[in-house]
A.B. asks: 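Mind looking over this structure? Questions follow.
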4 protein chains.
Amino acid sequence: MKVSIIGASGYTGIELVRILLNHKHVEIDKVVSNSNKGTKFSELFPNVRNIFDKEFIGTDNLETDLKESEYIFLAVPHKAAMEYVPTLLKMGKKIIDLSADFRLKDKDIYEKWYNEKHIASEYLEEAVYGIPELNREKIKNARLIANPGCYPTTIILGLAPLLKNNLIDTKMIISDSKSGVSGAGKKCNTTTHFSETNENIKAYGIASHRHTPEIEEQLSYLANEDIYINFTPHLIPMTRGMLSTIYVNLKENIDIKEIYDLYNNFYKNEKFVRIIENGAVETKNVRGTNYIDISIIKDERTNRLIVLSAIDNLTKGASGQAVQNFNIMSNNYEMEGLNFISPLP
Amino acid sequence: MKVSIIGASGYTGIELVRILLNHKHVEIDKVVSNSNKGTKFSELFPNVRNIFDKEFIGTDNLETDLKESEYIFLAVPHKAAMEYVPTLLKMGKKIIDLSADFRLKDKDIYEKWYNEKHIASEYLEEAVYGIPELNREKIKNARLIANPGCYPTTIILGLAPLLKNNLIDTKMIISDSKSGVSGAGKKCNTTTHFSETNENIKAYGIASHRHTPEIEEQLSYLANEDIYINFTPHLIPMTRGMLSTIYVNLKENIDIKEIYDLYNNFYKNEKFVRIIENGAVETKNVRGTNYIDISIIKDERTNRLIVLSAIDNLTKGASGQAVQNFNIMSNNYEMEGLNFISPLP
Amino acid sequence: MKVSIIGASGYTGIELVRILLNHKHVEIDKVVSNSNKGTKFSELFPNVRNIFDKEFIGTDNLETDLKESEYIFLAVPHKAAMEYVPTLLKMGKKIIDLSADFRLKDKDIYEKWYNEKHIASEYLEEAVYGIPELNREKIKNARLIANPGCYPTTIILGLAPLLKNNLIDTKMIISDSKSGVSGAGKKCNTTTHFSETNENIKAYGIASHRHTPEIEEQLSYLANEDIYINFTPHLIPMTRGMLSTIYVNLKENIDIKEIYDLYNNFYKNEKFVRIIENGAVETKNVRGTNYIDISIIKDERTNRLIVLSAIDNLTKGASGQAVQNFNIMSNNYEMEGLNFISPLP
Amino acid sequence: MKVSIIGASGYTGIELVRILLNHKHVEIDKVVSNSNKGTKFSELFPNVRNIFDKEFIGTDNLETDLKESEYIFLAVPHKAAMEYVPTLLKMGKKIIDLSADFRLKDKDIYEKWYNEKHIASEYLEEAVYGIPELNREKIKNARLIANPGCYPTTIILGLAPLLKNNLIDTKMIISDSKSGVSGAGKKCNTTTHFSETNENIKAYGIASHRHTPEIEEQLSYLANEDIYINFTPHLIPMTRGMLSTIYVNLKENIDIKEIYDLYNNFYKNEKFVRIIENGAVETKNVRGTNYIDISIIKDERTNRLIVLSAIDNLTKGASGQAVQNFNIMSNNYEMEGLNFISPLP
C-alpha cells in the first residue's frame, strides 16, 4: 500500500517516515516539500541515511505524482492544510491531516483562535476527529481525519472515563501541561534556542493557547454540555515528551479503587492506553512510542482527583496517532508499525 | 562578624559558603561535617579551590570550636536539626535552621508528616518562620529562625496579596509546582540519577508531599482561616530552579490591572520580589539569585487567576533566604552578600 | 528460539529486552537477577509495562530454569561473568558475554588492569572477540563471544581500514572519546548524579581507563604489530551516545578521496557501518540504533587524519552488537531485531 | 569611571553588564545597539530587571553619546568592530574589542580565514592581544585590546609553560576542544536549536575553524618558531563551559612532578589560573567565573602529556577577560568585579 507525505521536512514528517518505514504493509511513495525539492530526504534527516534516500518532490505535479498513493499524510502547518484538502479529496485521496485546520467543527471558533479565514469549511462537518479510543467507528469510514493536537490527546483521554460517567464538576477542570521543545517544531526562535531553554522552565500561551477550544469541544462532547477549562502549557528543557497534570473535583466521594476500575474497564481493549498505579507516570516510559500512560491520584483531604497523562508529543501526540488512524482506515492491524518500546534509559 | 555552618557538605551548605564569601561583613568561622572531618572544603567543592580551603571540623568540641561564632546556620537534614538546636541556644547562639524541624507550630502535625518524634518541641513556639517579606519584624529579634522550604516560599509569596485582601476562594487553591533536581540534594538515588531524570518529567509526592502542611499553615495565617490545598510537585530535567503555577478562583470579578496594583503595592519595599507583566516568568532569570519573580494572569472565561512564581530553589528557596534572615537579625543591609545577577544565558 | 538474560536488571539488560522483543525469531525465556527475584521486569523497567511482564528469577536452579534456552546473554559486571561461563558452557549453552572478562587474550594483562584474579582463563583462547565486521567467520562457530566494549567499538572500527592497509604511523594514535552518562550504568554515584553531570564536562580515567588494553590488543591484530595509544574518555551531559575523535599521522600523503574509497570498500557489505562525508557525524543519528557512523577529515596542513566515529553506547556499543553476534551465531538475518531508526529529533 | 558597550544585545553584551554591575568603580554609561534602540536593556535581558533598566541607544550620535565614556567595550561581531575602531580611537577612547578583528597581526591571514577585507589594518600592529597572564605589561598602556577568543584562551594558557620552556615537540600539538552552546551566540540556527543539540554531540569546523590561526600565532610567539596545530572543536549539550584536551609529546622524559612545579611557578602570581592535580578539571567549577582550571596528566607509556584546561566561554573566554583587561588598563585591582564563584551545583 502506497502513501505519501506532504510537508515531510518538519519534525512530524521525519517521525511519520520513521514509523512508516517500520510498517510491514506500507511503502512511502512520495515525500513532498517545495523548499527541499530535489534534496535527498536523508540529507535533511541523516538518521535515515542508507535507509530512506528518496528525494523530496515539489507540488508542481501532485496529481500525477500522487497517482499511486491512496492515503496522504498532511504534515504541513495549519492554513496550508486547508489549501490542499479540497484538491486531494477531489483526487480521491484519503487524508490524515496533522494540522489544526479540520479539528474544530465551528468555523467561527477556528477563525477567532487561529486568526485565519477558513477556506475549506465545507469539509469541517465531514472531517473526523482522529482519536481512535473514542471515535474508532467513524474513523474506519472517513475520508478526512483531523489528527488531534498533542495537548488535547493527553487531556481528552485523561478525562474521558470521568466525563462519560458524569463524575466530575465540569466547571472546574484545570490542566497544567508540560511539553518538551520538539513540540515547537523545527523552526528556530527564542523558544527553541538551546541557551534560552536549557536550565529553564516557563509557562506560555497562558489562558490563550490555540489548543484550548479543541480540548473544550471534545470534552463537551464527552460530557454532553459546554465545558470551559483552564489550560496552562509549559516549556521544559527536554526534547520529546508531554505530561498533563489535570485537576478535577469529584461530584461525590468515590473510592479511588472504583476510579481505577472505571479507567481499566473504559480502556480495556485499548492497546496504546496503559493505566498506571499510584501516579507513577513518567514521560521517559512512552518516549518514541504510541503509548499514553495515565494515572489517577485522589487527594482525600480535598476530594479532588489529580489525573496524570503522558505521551510522546511527536508520536501519540502527532505522527504515531496519525498512523494509528491510517491503520484503522486501511484495515491494517491497529498496532502495525507502532510496536515501539521506549529506549530506556 | 563570624558565623559557622553545621552540615556544610550538602548543596545548601556550599550555597551558603558561596553567598557568605560574597558578604562584606562576615567571616566563615567553621564548617562542620562529621563525615568530612579533616577534609578541605574545597576538595569536596572545587568551585572554591584557592578561595575557601578551610578544613571541615567534626562535632566533638562544638562548644569550644564555635565560641567565636555568634550565628549558626544549620544545613543538616530534618531530625538532625532538632538535636542541635537546644544545645546551641544554650550556648547563646542565634540559629538559622534550614531544615523543616521548626517550621510547623503544631508538634503533632510535624510528627504525622515527618514520621519522627519531635524532641525539641519546647522551641516550636519561639521559632520564627523566616520569610522576611511577611515576618521581618519578628525575625529581627529572633534567636531561632525556621528557614522556609523552597516550594512554600513560591506559594506563600505568590498568594500573600490575594489572601491578605480576602479576594479568593480559599476552598480551591491548587499549586502545580516544578523543581530542578538539586532540590533532591546531593545523595544519589533514582531521582537524582542523570539517566533517569534527563529527558523525563514526572510528578512525585502527589497529595502527600511534606511541604503541604507548611504551606497550609502559612496560608492559613494570611487568610485567617484554615486552608487546605492541592499541591503537586514535579521533577524536571534541570539543576536549579523552581516554578509554581497556582490556580485560584476570584471571589468577585476584579480587573487584572487592579490585581497588579495590589501586588506592586504589597511588595513595593521588597528588594527581592519582582512583579512581572504578562506571565513572563522564567526560572533562568532568577538562577543563582535571591529574587522571586511573580506574575499573574487572569483567565477571563473562568474568572480564575493563574499566579506564576519562580525562584532558585537553593538561593531564595534555601541558603539565600537564610542569609537574608541573617542580615535582618544582625542589622546588616538586607541585600548584603545577595547582590547576585543570574548569569544569562 | 529461546534465549535468556542473566543480569537483566541493568541498562544493558533492559536494552537487550527492548531489542529481543523486536526480534521475530526469539522468545525471551528467563530474565535472571538475584536482587530482583520475584519482581516483575516491567516494574523495574516500566517502559515495557503490558509488553513484557515476566518476573525475574534467581540463580538457584539455573540448570533447570535455563533448560530451554540455547543462548545466554551475560549482562553482569566483569568478574561475575567469569563465574558463570564455565558452568554455562558445560550446560551446553552458547554465550554472549557483555562483560570484559573474556575480551583480553592475556590473563596477566586482564589481572593487571582489572585488578582481579581470572578464574576461568582456560576459556580465554576459545573466546571470540565479537566485532562482526572484523571477526564474522569466527563468530559463526563460537560458543563464547566476548562482546566488545563501547569505546573499543568506535576506535577499532574507526581505524581498521587504515591499519589493515598500513597507512598510518602506529606510534601516534590518539583517541579523544566522549560518552553519555548511561555508559556508567544504573548505579548511583557522583558521576551519574544529575546535578553533578548536567551542565558539565570532564575527562576521566585519563591514561588509565580499562578499555585501553582492549583497544590496543585489537588494533595490534589489525596492524600486525604492538600498538600503544593515548585514550582519553570524557563524560558529557547526555544519556546515550558516544563519539570518538581519533588523530593519526598519515605515513605518506594520500588524497582524502582515496581514503574514502578505502573506507567505502572496506565496509561495503556492512549494513551497520555508514561512511559519512565531511565530518558530519552526530550521535543523534545513531541513538537507539545499531549503526556506527564514521567520517574522516584530512588536515592538509599537518598531513594528519581526524577520524570521527559515533555509536549509541548501549546499542552498537553493547546490547545491539550482542544481538548482532547472536544473529550470526544462530543463522538469523544479521539485522533481525536491529532495524531501529533513531527517533529524530 | 564610565564605560560603554557597543553591541550590548548579544551574550557577551549581557555578560559584560552582569560583570560591570558587580564592579565597584564602574558605571555603565551607554548600551548601544541599533536594532534595539529605545528598548529597555532589561526587557531584552530580564535577569537584570529592576537592576539595570537603561534603554539601548543607537549609533546616530556616538560622539556625543559616548563623551563621558573613557573606555569602550566592543561586543559586536567581527567585521563590525573594525568599522568602529578608527573613529573611537580618534575620539580618544580606549577600546577592548571582543571580536576577532585585531587579534591577528597579519592582515593577509585575517583576510584568508575570515574572508573579509580588513579596513583598519593600520591598527593591527598597535593592538595588544589581551591575555593578561602573558601580556600584562603591554596591556597596561594599550589603547586597543584585541580580546582573545575562547578556544585560544584555553589552549594558549594550557601550553604556555611548556612552550616557553621548550619542552615539547612543536610538530605535534593537538587540541580536542569542547564547547557549550552559548559560544554560538544568540542567533538562531540548527546548531543552537534545542532539539538538534540536546542529547547530541558533534565536531564542527574540523581543520578549518577560524580560531586556528589565532592559536597558532600566539603559540608561535611562545615557542619562538612557527607552529601548526590540529584543532577540533565540538559542540556539547550544555549552555556554558569549554574544555580543551591537549595532546603533546615531551621532547625528553620529565617527571610529572617537575611539570607541576613548572606550571605552579609559571602561574604563581596569577589569581585566575588554578593548577589542579590529577586531571580533575570540570567546567562546572569555573561556570560564571573568570577562572581557568588547568591540569596535566602524563601517559608514561607514550611519554605524552595530556593538558586539560577549562573555562567559562563567556567569562574568561570573553567578557570576564575583557573586564580583566580593562582593570589592568585602568589601574583597577585586577580581580575587581570578577570575584564570582561558580554556583554549585
Side-chain angles (χ1 to χ4, degrees), chain A residues 171-180 193-208 212 216 228-232 234-243 245-247 249 278-285 287 295 297-302 304-306 308 310 344-345, chain B residues 171-180 193-208 212 216 228-232 234-243 245-247 249 278-285 287 295 297-302 304-306 308 310 344-345:
Chain A
K171 298 280 167 290
M172 201 226 71
I173 297 177
I174 293 172
S175 183
D176 189 284
S177 300
K178 297 92 180 170
S179 177
H193 193 295
F194 186 91
S195 303
E196 305 286 333
T197 298
N198 187 39
E199 278 289 295
N200 191 27
I201 174 169
K202 66 173 177 185
Y204 68 101
I206 311 160
S208 63
T212 309
E216 291 178 342
Y228 297 94
I229 66 162
N230 289 104
F231 168 52
T232 311
H234 297 74
L235 189 73
I236 63 172
M238 63 186 202
T239 303
R240 281 172 174 242
M242 176 170 282
L243 178 74
T245 311
I246 314 169
Y247 300 88
N249 282 338
N278 297 325
V281 161
E282 311 191 28
T283 57
K284 71 174 178 184
N285 293 323
R287 191 174 41 199
S295 193
I297 292 276
K298 186 179 172 196
D299 190 334
E300 298 288 350
R301 304 172 334 136
T302 58
R304 217 161 265 153
L305 296 182
I306 298 105
L308 293 159
L344 221 69
Chain B
K171 297 280 168 290
M172 199 226 74
I173 297 176
I174 294 173
S175 182
D176 189 284
S177 300
K178 299 91 180 169
S179 176
H193 193 295
F194 186 92
S195 303
E196 305 285 333
T197 298
N198 186 39
E199 278 288 295
N200 191 27
I201 174 169
K202 66 173 178 185
Y204 68 100
I206 311 160
S208 63
T212 310
E216 291 176 344
Y228 298 94
I229 66 162
N230 290 105
F231 168 52
T232 313
H234 296 75
L235 190 73
I236 63 172
M238 62 186 202
T239 303
R240 281 172 173 242
M242 175 169 283
L243 178 74
T245 311
I246 314 169
Y247 301 87
N249 282 337
N278 298 324
V281 161
E282 312 192 27
T283 57
K284 71 174 177 184
N285 293 324
R287 191 173 41 197
S295 193
I297 291 278
K298 185 179 172 195
D299 191 335
E300 298 288 349
R301 306 173 332 138
T302 59
R304 216 162 266 155
L305 295 182
I306 298 105
L308 293 159
L344 220 71

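What you are looking at is a predicted structure, and each value in this text was computed from that prediction instead of being measured. First the proteins, then the strands, lettered A, B, ... as listed; each starts at 1. What you see below is based on every heavy atom in this structure, not just the backbone, and it leaves out hydrogens, waters and symmetry mates.
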A.B. asks: By a 4.5 Å heavy-atom criterion (distance strictly below it), what part of B:Thr302 contacts chain A: side chain, backbone, both, or neither?
C.D. replies: side chain
A.B. asks: Quickly, which of B:Thr283, B:Thr245, B:Thr232 forms a side chain to side chain donor-acceptor pair (under 3.5 Å) with B:Lys178? Name it, please.
C.D. replies: B:Thr245
A.B. asks: Going from CZ on A:Arg301 to OG on B:Ser208, what distance comes out if it is rounded to the nearest 0.5 angstrom?
C.D. replies: 10.0 Å
A.B. asks: With a 4.5 angstrom heavy-atom cut-off, is it the side chain or the backbone of B:His193 that approaches chain A, or both, or neither?
C.D. replies: neither
A.B. asks: Against chain A, work out which of B:Val281, B:Ile174, B:Leu308, B:Ile306 has the most heavy-atom pairs shorter than 4.5 Å and name it.
C.D. replies: B:Ile174
A.B. asks: Within the distance-only criterion (no hydrogens, no angle test), does the side chain of A:Asn249 pair as donor or acceptor with the backbone N or O of A:Arg304 below 3.5 angstrom?
C.D. replies: no
A.B. asks: So, B:Glu199 side chain and A:Thr239 main chain: donor-acceptor pair closer than 3.5 Å or not?
C.D. replies: yes
A.B. asks: Heavy-atom distance under 4.5 Å to chain B: side chain of A:Ile297, backbone, both or neither?
C.D. replies: side chain
A.B. asks: A:Thr212 versus chain B, heavy atoms under 4.5 Å apart: side chain, backbone, both or neither?
C.D. replies: side chain
A.B. asks: What part of B:Met172 gets closer than 4.5 Å to chain A, counting heavy atoms only: side chain, backbone, both or neither?
C.D. replies: both
A.B. asks: Indicate yes or no for a side-chain donor-acceptor contact from A:His234 to the backbone of A:Lys202 under 3.5 Å, with no hydrogens or angles considered.
C.D. replies: no
A.B. asks: Relative to chain B, which of A:Asn285, A:Asn230, A:Leu243 shows the most heavy atom pairs under 4.5 Å?
C.D. replies: A:Asn230
A.B. asks: Evaluate whether atom OH of B:Tyr204 has more than 12 neighbouring non-hydrogen atoms of other residues, nucleotides or ligands under 6.0 angstrom away.
C.D. replies: yes
A.B. asks: Could you tell me which of A:Leu344, A:Ile229, A:Asn278, A:Thr197 has the largest number of non-hydrogen atom pairs under 4.5 Å with chain B?
C.D. replies: A:Ile229
A.B. asks: Given a strict heavy-atom distance threshold of 4.5 Å, which part of B:Ile201 is in contact with chain A: side chain, backbone, both, or neither?
C.D. replies: both
A.B. asks: Picking from A:Glu282, A:Lys171, A:Met242, A:Glu196, which has the most non-hydrogen pairs under 4.5 angstrom with chain B?
C.D. replies: A:Glu282
A.B. asks: Go through B:Arg287, B:Glu300, B:Lys284 and name the one with the most non-hydrogen pairs under 4.5 angstrom from chain A.
C.D. replies: B:Lys284
A.B. asks: B:Asn198 side chain to B:Phe194 main-chain N or O, any donor-acceptor pair under 3.5 Å?
C.D. replies: no
A.B. asks: Looking at CG of B:Asn200 and OG of B:Ser195, how far apart are the two atoms once the value is rounded to the nearest 0.5 Å?
C.D. replies: 11.0 Å
A.B. asks: Need one label for B:Ile206: side chain, backbone, both or neither, based on atoms under 4.5 Å from any heavy atom in chain A.
C.D. replies: both
A.B. asks: Among side-chain atoms of B:Tyr247 and A:Asp176, is any donor-acceptor pair under 3.5 angstrom?
C.D. replies: yes
A.B. asks: Top residue by heavy-atom pair count (under 4.5 Å) with chain B, among A:Pro237, A:Gly241, A:Ser295?
C.D. replies: A:Pro237
